[in-house]
Amino acid sequence: MVVSIVIRKTRVSDRQQWQERLERALPRILEVLRRQPGFLSVEYLWGVYGDGQMGQVTRWQTLEDCQRYVREGAAATVAAFEDLALPTAAHPDGTWLRYTFEVVDAEAPHS
């Protein structure tokens, strides 16, 4: 399994307002994600310091599924829906960063 994490800061620093805006955007976001081959799940993270920092964590069956999502434009579509609901903070705080990891199960026996 592959996990992709996108971190950015929004202009919305009120937790309740952030959640309400995200919930309104989720149906369109999920519609795009669920059409992607290999998509497993998505969750959103709220920065604990209340400064508008947020994260989006998506899970994919394979690295190729994740790369296809990014390269073929679906990630840009999801980002546009997110930014419409939760506008990105002004430069330089609004930088979007994507990190991609392969999940290693610490409980699995090693060969």
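Every heavy atom of this structure was used, including side-chain atoms; hydrogens, water molecules and symmetry mates were not.
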(request) Might you confirm whether atom CD of E43 has over 12 heavy atoms from other residues, nucleotides or ligands at distances under 6.0 Å? (result) yes
(request) Examine Y49 and L45 and state if one hydrophobic cluster contains both, with Ile, Leu, Val, Met, Phe, Trp and Tyr joined whenever side-chain heavy atoms are less than 4.5 Å apart. (result) no
(message) I'd like to know if L30 and V57 are part of one continuous hydrophobic network [Ile/Leu/Val/Met/Phe/Trp/Tyr, side-chain heavy atoms within less than 4.5 Å].
(response) no
(message) Measuring from atom OG1 of T88 to atom CE of M54, what distance do you get when rounded to the nearest 0.5 angstrom?
(response) 8.5 Å
(request) Verify, without hydrogens or angle tests, whether R8 (side chain) and T95 (backbone) share a donor-acceptor contact under 3.5 angstrom. (result) no
(message) With clusters defined by side-chain heavy atoms of hydrophobic residues (ILVMFWY) lying less than 4.5 Å apart, directly or transitively, does Y69 cluster with V3?
(response) no
(message) Just verifying a value: how many Å separate E31 CD and L26 CG, rounded to the nearest 0.5 Å?
(response) 12.5 Å
(message) I'd like to know if F101 and L40 are part of one continuous hydrophobic network [Ile/Leu/Val/Met/Phe/Trp/Tyr, side-chain heavy atoms within less than 4.5 Å].
(response) yes
(request) Evaluate the side-chain proximity of R21 to P87: yes if any heavy-atom separation is below 4.5 Å, no if none is. (result) yes
(request) Please check if the side chain of Q36 supplies one atom and the backbone of V32 the other of a donor-acceptor pair under 3.5 Å. (result) yes
(request) Mind checking the CD1-CG spacing from I5 to L97? Nearest 0.5 Å is all I need. (result) 11.5 Å
(request) Quick one: pull up CH2 in W60 and OG1 in T58 and give me the separation to the nearest 0.5 Å. (result) 5.5 Å
(message) Restricting to non-hydrogen atoms, name the atom on C66 and the atom on V2 that form the minimum distance, rounded to 0.1 Å.
(response) CB-CG1, 4.2 Å
(request) Might you work through the side-chain contact (heavy atoms from CB on, under 4.5 Å) test for L86 and Y44, ending with a clear yes or no? (result) CA-CA 12 Å; L86 299 160; Y44 285 88; over 6 Å; no
(message) Are V6 and V12 connected into the same hydrophobic cluster when the rule is that any two of I, L, V, M, F, W, Y join if their side-chain heavy atoms are below 4.5 Å apart?
(response) no
(message) For a quick test of reading the model, state the closest non-hydrogen atom pair linking K9 to D93 and the distance between them.
(response) CB-O, 3.3 Å
(request) State whether the side chain of R59 and the backbone N or O of S41 hold a donor-acceptor pair below 3.5 Å, judged by distance alone. (result) no
(request) Quick one: closest heavy-atom pair of V78 and I29, and the distance? (result) CG1-CG2, 3.9 Å
(message) How close do S4 and T100 get, counting heavy atoms only, and between which atoms?
(response) OG-OG1, 3.9 Å
(message) Return the CG to CD distance between L22 and Q56, rounded to the nearest 0.5 Å.
(response) 9.5 Å
(message) Angle between ring planes, W18 versus W46, binned at 30° and 60°: parallel, tilted or perpendicular?
(response) tilted
(request) Give, for atom CD of Q19 and atom CD of E23, the distance between the pair rounded to the nearest 0.5 Å. (result) 4.5 Å
(request) Please report the closest heavy-atom contact between G55 and I7, naming both atoms and the distance. (result) CA-CD1, 4.0 Å
(request) Could you tell me whether R68 and E64 make a salt bridge, using a distance below 4.0 angstrom between a side-chain N and a carboxylate O? (result) no
(message) How close do A75 and R98 get, counting heavy atoms only, and between which atoms?
(response) CB-NH2, 3.7 Å
